[in-house]
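The structure under discussion appears below in the form of structure tokens.
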Amino acid sequence: GQRYTDIVWAAGLFEGEGCITYQSKYPNTRTINISSTDFDIIERFINVVGYGSLLGPYISEKSGNKKHYWSWAVSKRTEVLRILKMFLPHFGQRRSEKAIEAINHLNEIIN
């Protein structure tokens, strides 16, 4: 149905534009984030995942263009796990490996 289509769309967007990161000073967390200059796209993404914070607009000066962009992020363990598990079946190999690594790390901390 529509919900499944939305999840597949969001997973594809995240695979192409998203990041799974951690900071060395916070080794027990993982953050997932995505940025876009298209507010409607980032807003649709947020509506699909249902979690996280939207920040911006910021001004990007890449290549001399001054474009506005918005950034979405989530680092709460349970939310990161839910999103990555929801997207995992739709990721390619490289992103799947990163997602599994993050999921395993977060599960070790929880247990």
### Task
Mind checking salt bridge (charged side-chain N to carboxylate O under 4.0 Å, His left out) for Arg44 and listing every partner two or more places apart, or none if nothing turns up?
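So Arg44 forms a salt bridge (charged side-chain N to carboxylate O under 4.0 Å, His left out) with Asp6.
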### Message
Please give the remaining members of the hydrophobic cluster of Tyr4, linking ILVMFWY side chains under 4.5 Å, ordered by chain and number.
### Response
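Tyr4 shares its hydrophobic cluster with Val8.
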### Query
What's in the same ILVMFWY side-chain cluster as Tyr69, cut-off under 4.5 Å, chained through other members?
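Besides Tyr69, the cluster holds Leu55, Tyr58.
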### Message
side-chain contact (heavy atoms from CB on, under 4.5 Å), that's the test. Do Phe14 and Ile20 meet it? Break it down for me.
### Response
CA-CA 10 Å; Phe14 187 83; Ile20 303 169; 4.0 Å; yes
### Any donor-acceptor pair under 3.5 Å from Arg95 side chain to Gly16 backbone
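Such a contact is absent between Arg95 side chain and Gly16 backbone.
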### Task
Would you confirm whether Arg30, through its side chain, and Tyr22, through its main-chain N or O, come within 3.5 Å as a donor-acceptor pair?
no
### Task
Heavy atoms only: give me the nearest Val74-Gly52 pair and the separation to one decimal.
CB-CA, 3.9 Å
## Note on the structure
Sequence neighbours excluded, the answer for side-chain contact (heavy atoms from CB on, under 4.5 Å) partners of Thr31 is Thr21, Ala73, Ser75
Side chains of residues 32-43: which donor-acceptor pairs under 3.5 Å do they make with residues two or more places apart or in other chains?
| residue | atom | partner | partner atom | Å |
| --- | --- | --- | --- | --- |
| Ser35 | OG | Ser71 | OG | 3.2 |
| Ser36 | OG | Asp38 | N | 3.0 |
| Ser36 | OG | Asp38 | O | 3.4 |

Report, one line per pair, each donor and acceptor closer than 3.5 Å where one atom sits in a side chain of residues 79-91; sequence neighbours left out.
| residue | atom | partner | partner atom | Å |
| --- | --- | --- | --- | --- |
| Arg82 | NH1 | Tyr51 | OH | 2.9 |

### Task
Using side-chain hydrogen bond (donor to acceptor under 3.5 Å, both in side chains) as the criterion, list what pairs up with Glu97, not counting sequence neighbours.
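Once residues adjacent in sequence are excluded, the partners of Glu97 under the side-chain hydrogen bond (donor to acceptor under 3.5 Å, both in side chains) criterion are Gln93.
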